[in-house]
Amino acid sequence: MNVRTPDPNPGWLSDEDLFEARGRLPMVYVEAVPVRLDPLGFVNEVGTLLQADADGTMVRSLVSGRVLYRETIRAALLRHMEKDLGPLAFPQLPISPVPFTVAEYFPAPSQTGFTDDRQHAVSLAYIIPVTGECDPRQDALELTWMTPQEVLSEDVQLEFSGGRGALVRQALAFAGVGG
């Protein structure tokens, strides 16, 4: 069962070629932790996507996706923010393309704590403020806005797939939010 939103511009590889490449090369991804800020610029809400995984289990995830051939990091971030949150989300892309961290995903458990059973992936992770109305796409059942304390709670952290709970903790620590 495929739970991903079909990409209207699949880029440079067919599904078969992508499967082959994933078995031979690390793939480059961007990930975004959507946030809402208070008037002073402090994080007061964190957005997580609720999705069903291949087994039908409900999991929390973040905005993420591949960087296409000849696509800039900023363009990939904008494309995935609009694809996952809708065209009226109005993400505020960072001035600099420097991520708050680089996450390394492996198809089996590893020392990084991040897993993606499809591939070895290197993901540039960003905190992206969102100012507009979000309408999650078809692969996400809903976008849930939570306070930093709620998203850092043990129960919510256990709902994240592939180690993304740790990524959210890193993002909030980078933004100066303790947990």
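Just the heavy atoms: all of them, side chains too, but no hydrogens, waters or symmetry mates, feed the values below.
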Hey, what do you get for CZ (Phe174) to CG (Leu172), rounding to the nearest 0.5 Å? 11.5 Å
Can you name the ring pair (Phe, Tyr, Trp, His ring centres under 6.0 Å) partners of Phe106, sequence neighbours left out? His120
Heavy-atom distance under 4.5 Å between the side chains of Pro136 and Leu141, does that happen here? no
So how far is it from Thr101 OG1 to Ile127 CD1, rounded to the nearest 0.5 Å? 10.5 Å
Using side-chain heavy atoms (C-beta onward) and a distance below 4.5 Å, is Arg164 in contact with Val168? no
For residues 32-42, tabulate all N or O donor-acceptor pairs below 3.5 Å that involve a side-chain atom, not counting sequence neighbours.
unit_1: Arg36; atom_1: NH1; unit_2: Val130; atom_2: O; d: 3.1
unit_1: Arg36; atom_1: NH1; unit_2: Gly132; atom_2: O; d: 3.1
unit_1: Arg36; atom_1: NH2; unit_2: Gly132; atom_2: O; d: 2.9
unit_1: Asp38; atom_1: OD1; unit_2: Leu40; atom_2: N; d: 2.9
unit_1: Asp38; atom_1: OD1; unit_2: Gly41; atom_2: N; d: 3.0
unit_1: Asp38; atom_1: OD1; unit_2: Phe42; atom_2: N; d: 2.9

Check: Gln92 side chain, Phe90 main-chain N or O, donor-acceptor pair, under 3.5 Å: yes
Would you say His80's side chain and Arg66's backbone share a donor-acceptor pair under 3.5 angstrom? yes
From Ser64 OG over to Tyr126 OH, what is the distance, rounded to the nearest 0.5 angstrom? 13.5 Å
Does Asp135 reach the side chain of Leu88, with side-chain heavy atoms less than 4.5 Å apart? no
Nearest-0.5 Å distance that lies between atom OH in Tyr29 and atom CD1 in Ile73: 13.5 Å
Give a yes or no on this: more than 12 heavy atoms of other residues, nucleotides or ligands lie within 6.0 Å of atom CD of Glu133. no
Check Phe160 against Thr48 and note the closest heavy-atom contact, atom names and distance. CZ-CG2, 3.5 Å
For Leu49, run the side-chain contact (heavy atoms from CB on, under 4.5 Å) check against Thr144, Asp84, Asp139 and tell me which one passes. Asp84
Is it the case that over 12 heavy atoms from other parts of the model lie below 6.0 angstrom from the CD atom of Glu154? no
Which is it for Leu50 and Arg60 under the side chain to side chain contact (heavy atoms under 4.5 Å, CB included) test, yes or no, and what are the steps along the way? CA-CA 5 Å; Leu50 186 63; Arg60 294 209 179 271; 4.1 Å; yes
Got a second to check how far Cys134's SG is from Met81's CE, nearest 0.5 Å? 7.0 Å
Does Thr112 form a side-chain hydrogen bond (donor to acceptor under 3.5 Å, both in side chains) with Glu104? I'd like the steps, not just the answer. CA-CA 7 Å; Thr112 70; Glu104 297 177 273; over 6 Å; no
Taking Asp116 for the side chain and Arg118 for the main chain, is one N or O donor matched with an acceptor at less than 3.5 Å? yes
Any chance you could lay out the side-chain hydrogen bond (donor to acceptor under 3.5 Å, both in side chains) test for Arg169 and Gln157, step after step, and finish with the verdict? CA-CA 9 Å; Arg169 288 192 309 272; Gln157 286 287 303; 2.4 Å; yes
Would you mind reporting whether Trp145 and Glu150 have side-chain heavy atoms less than 4.5 Å apart? no
Within this structure, what is the CD1-CG distance for the pair Ile128 and Leu77, rounded to the nearest 0.5 Å? 5.0 Å
Given the rule that I, L, V, M, F, W and Y join up when any side-chain heavy atoms are under 4.5 Å apart, are Val156 and Val59 in one cluster? no
Under a single-linkage definition using a 4.5 Å side-chain heavy-atom cutoff for Ile, Leu, Val, Met, Phe, Trp and Tyr, are Val102 and Val98 assigned to the same hydrophobic cluster? no
Lys/Arg N to Asp/Glu carboxylate O, Arg79 vs Glu71, below 4.0 Å: yes
Has Leu158 got more than 12 heavy atoms of other residues, nucleotides or ligands less than 6.0 Å from its CG? yes
Would you please test Leu167 and Glu31 for side chain to side chain contact (heavy atoms under 4.5 Å, CB included) and show each step? CA-CA 10 Å; Leu167 199 61; Glu31 285 188 283; 3.3 Å; yes
